[in-house]
Amino acid sequence: MRSRDLGIAIGELPTGPYNAITDVAGVRVGHHTLVSGDGPLDVGRGPVRTGVTVVEPRPGVWASPVFAGSHRLNGNGELTGLAWVRENGQLTTPIGLTNTHSAGVVRDAIVARLHRERGDDELYFHLPVVGETYDGILSDINGRHVTQEHVDAAFEALAGGTVPEGAVGSGTGMICHEFKGGIGTASRVVTADGGGRYTVGVLVQANHGRRRRLRVNGVPVGERITADVVPTPYEGIRRPAAGSGSIIVLIATDAPLLPHQCERLAQRGALAIGRTGGTGENSSGDLLLSFATGNDGLAPVRLGPAPADEFAVRMVGDTVIDLLFDAVIDSTEEAILNAMVGAVTTTGRDGLTAHALDHDLLREAMGRGLS
């Protein structure tokens with residue numbers, strides 16, 4: 001189930017065929033989900049509600065990097081490797097997503113996998129981009145259950161087309177606006193006056209926000225579906241600071257962009273977080289990364305002489321950038337909503353439960369009535 005299945009469409013731009021980040025040609029997504037155990041928390045044993053998600057900008061991205069840029073709405077979180085992305089303007093590895101205390105394991109597993117792909121014929125280095133959000137409300141996060149084998153399983157699951165959403169992969173234990181959250185995705189297609197046609201796709205790991213602030217297409221849904229109707233997962237524990245949690249936003253496009261243009265797209269994704277009610281609270285890590293596959297032929301990063309002194313690159317003009325801004329904002333807003341609509345009610349450690357955003361209640365809150 002997705003937001004459009006409920007009659008909720010964000011904006012007027014058309015979607016790609018899958019309404020997913022995989023509508024950008026070459027982009028693939030893979031999940032591996034870890035669910036085991038029930039009952040009281042026993043650190044090292046569980047219960048476990050976590051996982052790994054991998055996003056590949058294009059096959060062999062280490063051999064053919066893509067231009068990229070990032071934005072920090074609030075920095076209580078982590079996207080490893082961003083210092084090099086900012087310096088070099090390129091994304092040179094697949095992107096990993098997981099929980100806060102497993103980011104290092106996923107990073108190391110990506111290094112090991114890329115080493116197996118490249119071998120020892122040249123000198124090189126990898127600084128993988130790995131994002132995290134906190135799933136310790138539902139999962140034994142300090143048990144650090146994610147292993148290299150789980151990361152490899154997510155790589156083996158890489159595929160285009162339909163992307164599973166909600167409580168899957170790295171989104172398994174995530175909470176969004178005090179409903180069950182997780183992975184969501186969406187896409188938009190824009191056509192420029194000159195005839196250029198470009199796709200923007202977004203994938204989010206949504207684990208942020210306060211219930212009361214939730215807005216869906218401008219409607220104050222969080223004010224209408226209160227905790228006495230759908231309980232908050234924080235009942236029964238010492239409540240964390242309001243808005244605790246984080247969101248990772250990955251933005252892909254096939255438009256030919258330079259790094260500074262990618263950064264501008266990443267900034268616009270933050271507007272969608274705000275449109276759905278997120279405010280970049282102090283305890284939230286709201287980090288965004290944008291990459292563009294419209295240029296190819298860039299040299300792989302390695303410790304040695306470059307194959308050429310100059311490379312021909314392309315970029316869109318500013319009139320197209322405005323269209324891409326619209327596509328990013330609408331795609332990100334819908335991806336956040338899809339993360340909640342696609343999630344299922346999940347009970348984790350100590351019996352704590354994150355309830356799904358009930359579809360009938362959502363339609364009622366939107367003023368659409370029951371189907």
Any salt bridge linking [X] with [Y]? Criterion: basic side-chain nitrogen under 4.0 Å from a carboxylate oxygen.
| X | Y | value |
| --- | --- | --- |
| R72 | D286 | no |
| R116 | D152 | yes |
| R275 | D330 | yes |
| R363 | D360 | yes |

Pairwise distance [atom1]([X]) to [atom2]([Y]) - rounded to 0.5 angstrom:
| X | Y | atom1 | atom2 | answer |
| --- | --- | --- | --- | --- |
| L324 | I329 | CG | CD1 | 11.0 Å |
| L91 | W62 | CG | CH2 | 14.5 Å |
| L357 | S3 | CG | OG | 10.5 Å |

(message) If we check salt bridge (Lys or Arg N to Asp or Glu O under 4.0 Å) with E223, which of these qualifies: R213, R211, R215, R210?
(response) R215
How close do [X] and [Y] get, counting heavy atoms only, and between which atoms?
| X | Y | answer |
| --- | --- | --- |
| S70 | L289 | CB-CD1, 4.1 Å |
| L288 | A266 | CD2-O, 3.4 Å |
| F67 | P259 | CD2-CG, 3.5 Å |
| P59 | G26 | CD-O, 3.7 Å |
| T22 | V29 | CG2-CG2, 4.0 Å |
| A68 | C262 | C-CB, 3.5 Å |

So, [X] side chain and [Y] main chain: donor-acceptor pair closer than 3.5 Å or not?
| X | Y | result |
| --- | --- | --- |
| D5 | R2 | yes |
| D254 | V24 | no |
| T232 | A227 | no |
| R349 | G39 | no |
| D318 | I321 | no |
| T345 | A356 | yes |
| D23 | A20 | yes |
| S139 | G173 | no |

(request) Apply side chain to side chain contact (heavy atoms under 4.5 Å, CB included) to the pair W84 and V129, showing each step before the final yes or no. (result) CA-CA 10 Å; W84 182 231; V129 173; over 6 Å; no
(request) Give me the ring orientation class for H150 and H32: parallel if the planes are under 30° apart, tilted from 30 to 60°, perpendicular past 60°. (result)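 H150 vs H32 ring planes: parallel.
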(request) Flag yes if V341 and V249 sit in one hydrophobic cluster, no otherwise; membership is Ile, Leu, Val, Met, Phe, Trp, Tyr, and two members link when side-chain heavy atoms are under 4.5 Å apart. (result) yes
(request) Kindly work out whether a path of hydrophobic side-chain contacts (I/L/V/M/F/W/Y, heavy atoms less than 4.5 Å apart) joins I251 to L97. (result) no
If we count only N and O atoms by modelled type, under 3.5 Å, do the side chains of [X] and [Y] hold a donor and an acceptor together?
| X | Y | result |
| --- | --- | --- |
| N99 | T50 | yes |
| S246 | N207 | no |
| T276 | E333 | no |
| T347 | T353 | yes |
| D140 | H145 | yes |
| Q90 | T92 | no |
| T279 | E281 | yes |
| E334 | N19 | yes |
| E132 | T98 | no |
| T53 | H31 | yes |

(message) Using the rule given for side chain to side chain contact (heavy atoms under 4.5 Å, CB included), can you reason through T346 versus L138, listing the C-alpha separation, both sets of side-chain angles and the distance that settles it, and then say yes or no?
(response) CA-CA 8 Å; T346 301; L138 297 177; 4.3 Å; yes
(message) Apply side chain to side chain contact (heavy atoms under 4.5 Å, CB included) to residues T80 and L127 and explain how you reach the verdict.
(response) CA-CA 8 Å; T80 68; L127 293 170; over 6 Å; no
(message) According to ring pair (Phe, Tyr, Trp, His ring centres under 6.0 Å), who are the partners of H126, at least two apart in sequence or on a separate chain?
(response)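 By the ring pair (Phe, Tyr, Trp, His ring centres under 6.0 Å) rule, H126 matches Y124.
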(request) Please lay out, stage by stage, how E263 and R268 fare under the test salt bridge (charged side-chain N to carboxylate O under 4.0 Å, His left out). (result) CA-CA 9 Å; E263 183 176 344; R268 270 58 184 189; over 6 Å; no
(message) For D228, I'd like to know if atom CG has over 12 heavy atoms of other residues, nucleotides or ligands within 6.0 Å.
(response) yes
(message) Please give the remaining members of the hydrophobic cluster of Y18, linking ILVMFWY side chains under 4.5 Å, ordered by chain and number.
(response)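 Besides Y18, the hydrophobic cluster comprises nothing; the residue is isolated.
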(request) Please report the C-alpha distance between R49 and D38 in whole Å, then the side-chain angles of each, then the deciding distance to 0.1 Å, and finally whether the salt bridge (charged side-chain N to carboxylate O under 4.0 Å, His left out) criterion is met. (result) CA-CA 10 Å; R49 306 288 187 270; D38 293 291; 2.9 Å; yes
(request) Please report the C-alpha distance between T199 and R188 in whole Å, then the side-chain angles of each, then the deciding distance to 0.1 Å, and finally whether the side-chain hydrogen bond (donor to acceptor under 3.5 Å, both in side chains) criterion is met. (result) CA-CA 6 Å; T199 299; R188 296 294 186 273; over 6 Å; no
(message) Determine whether T172 and L34 satisfy the following criterion, side chain to side chain contact (heavy atoms under 4.5 Å, CB included), listing intermediate values before the conclusion.
(response) CA-CA 8 Å; T172 301; L34 298 174; over 6 Å; no
